[in-house]
Amino acid sequence: MNRAARIAVFAVGALGLAIAFLLAFDALPHFGTESHPYGDRSVRAAVAQKTSNVVTSLAFDQRGFDTVGEEFILVLAVLGGTLLLRAREDEREDDSDDAPRSPEVADAVRLTGYLAMPITLLLGGYLVVHGALSPGGGFQGGVALATAIHLLYVAGDYQALDKLRPVPLFKATEAAGVSAYVAIGLAAIATGSAFLTNVLPLGSYQKLASAGTVPLLNAAVGVAVLSSVVVLLSEFLEQTHVVRAEGDA
Amino acid sequence: MTVGYVVAGWLFLIGVYGIVVSRDLVHSIVCLSVAQSSTYVLLLAVGYRDHATAPVFGDIPSNPHVVDPVVQSLVFTDIVVSATVTALLLALAVQAKKRAGTRNPDDLSELRG
Amino acid sequence: MSLLLDLAFLLVAAAGTSVVLNRDAIGQALALAVFGLTFTVLALVLQAPDVALSMLVVGSAIVPMLVLLAIASGRKQSPEDTP
């Protein structure tokens, strides 16, 4: 349908949806209500499992199976992106050393990037390791670590990043991270419980080695997410800097 | 009728409006990302509890008065995962530009073998 | 507290509207980064630190970078499109 018809159909639909939203929002419990029965029970369960961060306990312990699904969506999306961005027959990859280099980066950007990189690496590692104790976890820490690595690209140029970031290694660690998550879940079956049951000793509150399998699962997810984001960004960076159509200089 | 719920509905509708009137695939993908964020706003607003704190404890609590942690666990994994799905869509947009020479969805309507 | 909440919600709505109404490609990537920042502040005010961390690293760093790279590779293919 042409553009005008599309906008007209949208206008009708949006009006109906807006009315439906307003009716639905009137029927919801009022904002800030005291009644959250599921939340109260999950807080009690998290305290019983000696996990300080209730949200991480929910994601990796009480509803750990959902996180397996999320992990697989992540890996499949990266796989799809890699497949879509392969070089075609009429393209070649120009990663020789005399390829045109990016323009010079401003000194302020370079200094800030090089200073921020070790700090962000440390922060990302902290978020992954302390996922069960304070806000954080494998997902946030993994993405923070990947951002730290790409500060090399922001502060320097693509060739600097490419030399220091071996993509096959990250593809291997991505697979290793997801497999480790599933393996920890299967290890619970070996002890006679269900998949992903928290079978390790729970330890004492607020210690690093508490909450059973949650720190291990956090580490597996952190490695998998870090590797996935690095692989994904490497595909996009190659498209911009390396892949050339046949016939270009 | 609280501001939070209305903002969630507004973000969804404006995101879909952006997709409908877009002339560039990358613009419509970013508007899709805004529409996804509307669900996060709605979930967080539903989970809020007046005068409550974050669901993270420093010591075993005697009377935990915290916001609902269940909706937060749904939202925080979804943010990271939907970013990678956005990347998949952007890869599609990159390939569309390479093969058809344009990113305008109105010009991309034919399937070419 | 209620005023702060309302303000945070309205800021997110304004940032989201600016993302959609922005036609320029690079401007839109920057508007998306600002939207991520306002959503992070909203998540903090709604007492959700995990969500705030997630949105900060993803919405202000990774997704705008992906958008800029997608646009840049398109410009490499057909340089006559650059403004």
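Values below: every heavy atom of this structure, side chains too, minus hydrogens, waters and symmetry copies. Quick note on labels: first sequence line is chain A, next is B, and so on, each numbered from 1. The structure presented is a predicted model; accordingly, all values stated were derived computationally and were not measured.
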Examine whether an atom of [X] lies under 4.5 Å from a heavy atom of chain C, and if so say whether it belongs to the side chain, the backbone or both; otherwise answer neither.
| X | answer |
| --- | --- |
| A87(B) | both |
| A8(B) | neither |
| V66(B) | neither |

Locate the shortest heavy-atom distance separating [X] from [Y]; write the atom from each residue and the value.
| X | Y | result |
| --- | --- | --- |
| V20(C) | Y17(B) | CG1-CD2, 4.3 Å |
| N22(C) | H27(B) | O-CD2, 3.4 Å |
| A70(C) | R103(B) | O-NH1, 4.0 Å |
| Q28(C) | C31(B) | NE2-SG, 4.2 Å |

Among V26(B), V30(B), I14(B), residue most engaged with chain C (heavy-atom pairs, under 4.5 Å)
V30(B)
Chain C: which of I19(B), V80(B), V41(B), V34(B) shares the most heavy-atom pairs with it under 4.5 Å?
V41(B)
Counting only non-hydrogen atoms closer than 4.5 Å, does [X] touch chain B with its backbone (N, CA, C, O), its side chain (CB onward), both, or neither?
| X | result |
| --- | --- |
| L46(C) | both |
| L53(C) | neither |
| A8(C) | neither |
| L66(C) | both |
| V58(C) | side chain |

Heavy atoms only, distances under 4.5 angstrom: which of L69(C), V67(C), V57(C) has the most pairs with chain B? Name it, please.
V67(C)
Heavy atoms only, distances under 4.5 angstrom: which of A31(C), A25(C), A43(C), A48(C) has the most pairs with chain B? Name it, please.
A48(C)
Answer yes or no: is there a donor N or O on one side and an acceptor on the other, between the side chain of Q47(C) and the main chain of R49(B), under 3.5 Å?
no
State the CD1-CD1 distance between I62(C) and I79(B), to the nearest 0.5 angstrom.
13.5 Å
Quick check for you: to the nearest 0.5 Å, what is the distance between S73(C) atom OG and K98(B) atom NZ?
7.0 Å
Only residue of L11(B), V7(B), T2(B) satisfying side chain to side chain contact (heavy atoms under 4.5 Å, CB included) with F9(C) is V7(B)
What pairs of residues pass the side-chain hydrogen bond (donor to acceptor under 3.5 Å, both in side chains) test when at least one of them lies in residues 34-45 of chain B, not counting sequence neighbours?
Y40(B)-D78(B), Y40(B)-S82(B)
Within a reach of under 6.0 Å around CZ of R23(C), are more than 12 heavy atoms found that belong to other residues, nucleotides or ligands?
yes
